[in-house]
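Residue numbers run from 1 in the order of the sequence given.
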Amino acid sequence: MNLATSLAREVRRTDPEVVASQIRPMDHYLSDAVAPRRFSLSLMAAFALAALALAVTGIYAVVMYSVSQRARELGIRVALGASRANIVRLVMAMASASS
């Protein structure tokens, strides 16, 4: 015999007018109580991730457009011996100037 049936039996024995139904552990009631909030937070997190992905895609597109517009200049700088750090610095400066 489990705890719920023995509890219902004791309640019925104490007061036959009282109906003890839906006896569940407290964590089930708490889970039911926070389910709407948990769903809202999950939905907000999903939209935040989608916004982050769109922002990263937009920044990538702006940087690639800037680089494609000045590809010859970058190629000449590399041919003349510019270091990788100088090229990265130049690309970042182009991206910040175009936005």
J.: So, using salt bridge (Lys or Arg N to Asp or Glu O under 4.0 Å) as the criterion, who are the partners of Arg13 when residues are at least two apart?
T.: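 Partners of Arg13 by the salt bridge (Lys or Arg N to Asp or Glu O under 4.0 Å) criterion, ordered by chain and then number, come out as Glu10.
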J.: The test is side-chain contact (heavy atoms from CB on, under 4.5 Å); show your working for Arg70 and Val91 and say whether it passes.
T.: CA-CA 9 Å; Arg70 296 174 70 176; Val91 168; over 6 Å; no
J.: Check whether any side-chain heavy atom of Met94 lies under 4.5 Å from a side-chain heavy atom of Val63, and answer yes or no.
T.: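 When only atoms from C-beta onward are counted, Val63 and Met94 do not touch, as no gap falls below 4.5 Å.
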J.: Roughly how far, to the nearest 0.5 Å, is CD1 of Ile59 from CG of Leu54?
T.: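 Reported value, rounded in 0.5 Å steps: 11.0 Å.
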J.: Using side chain to side chain contact (heavy atoms under 4.5 Å, CB included) as the criterion, list what pairs up with Ala85, not counting sequence neighbours.
T.: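 Residues passing side chain to side chain contact (heavy atoms under 4.5 Å, CB included) with Ala85: Ser83, Arg89.
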J.: For Arg77, which residues count as a salt bridge (Lys or Arg N to Asp or Glu O under 4.0 Å) partner, sequence neighbours excluded?
T.: Glu73
J.: Who passes side chain to side chain contact (heavy atoms under 4.5 Å, CB included) against Tyr60, sequence neighbours left out?
T.: Met64
J.: Please tell me whether Ile76 and Leu74 are part of a single hydrophobic cluster in this structure, the criterion being side-chain heavy atoms less than 4.5 Å apart.
T.: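 No, no single cluster joins them.
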J.: Show the nearest heavy-atom pair for residues Ser68 and Tyr65, with the distance to one decimal.
T.: OG-O, 2.8 Å
J.: Under the salt bridge (Lys or Arg N to Asp or Glu O under 4.0 Å) test, which residues partner Asp32, sequence neighbours left out?
T.: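 Arg24.
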J.: Taking distance alone, no hydrogens or angles, what donor-acceptor pairs closer than 3.5 Å link side-chain atoms of residues 33-41 to residues at least two apart or in another chain?
T.:
unit_1	atom_1	unit_2	atom_2	d
Ser40	OG	Pro36	O	3.1

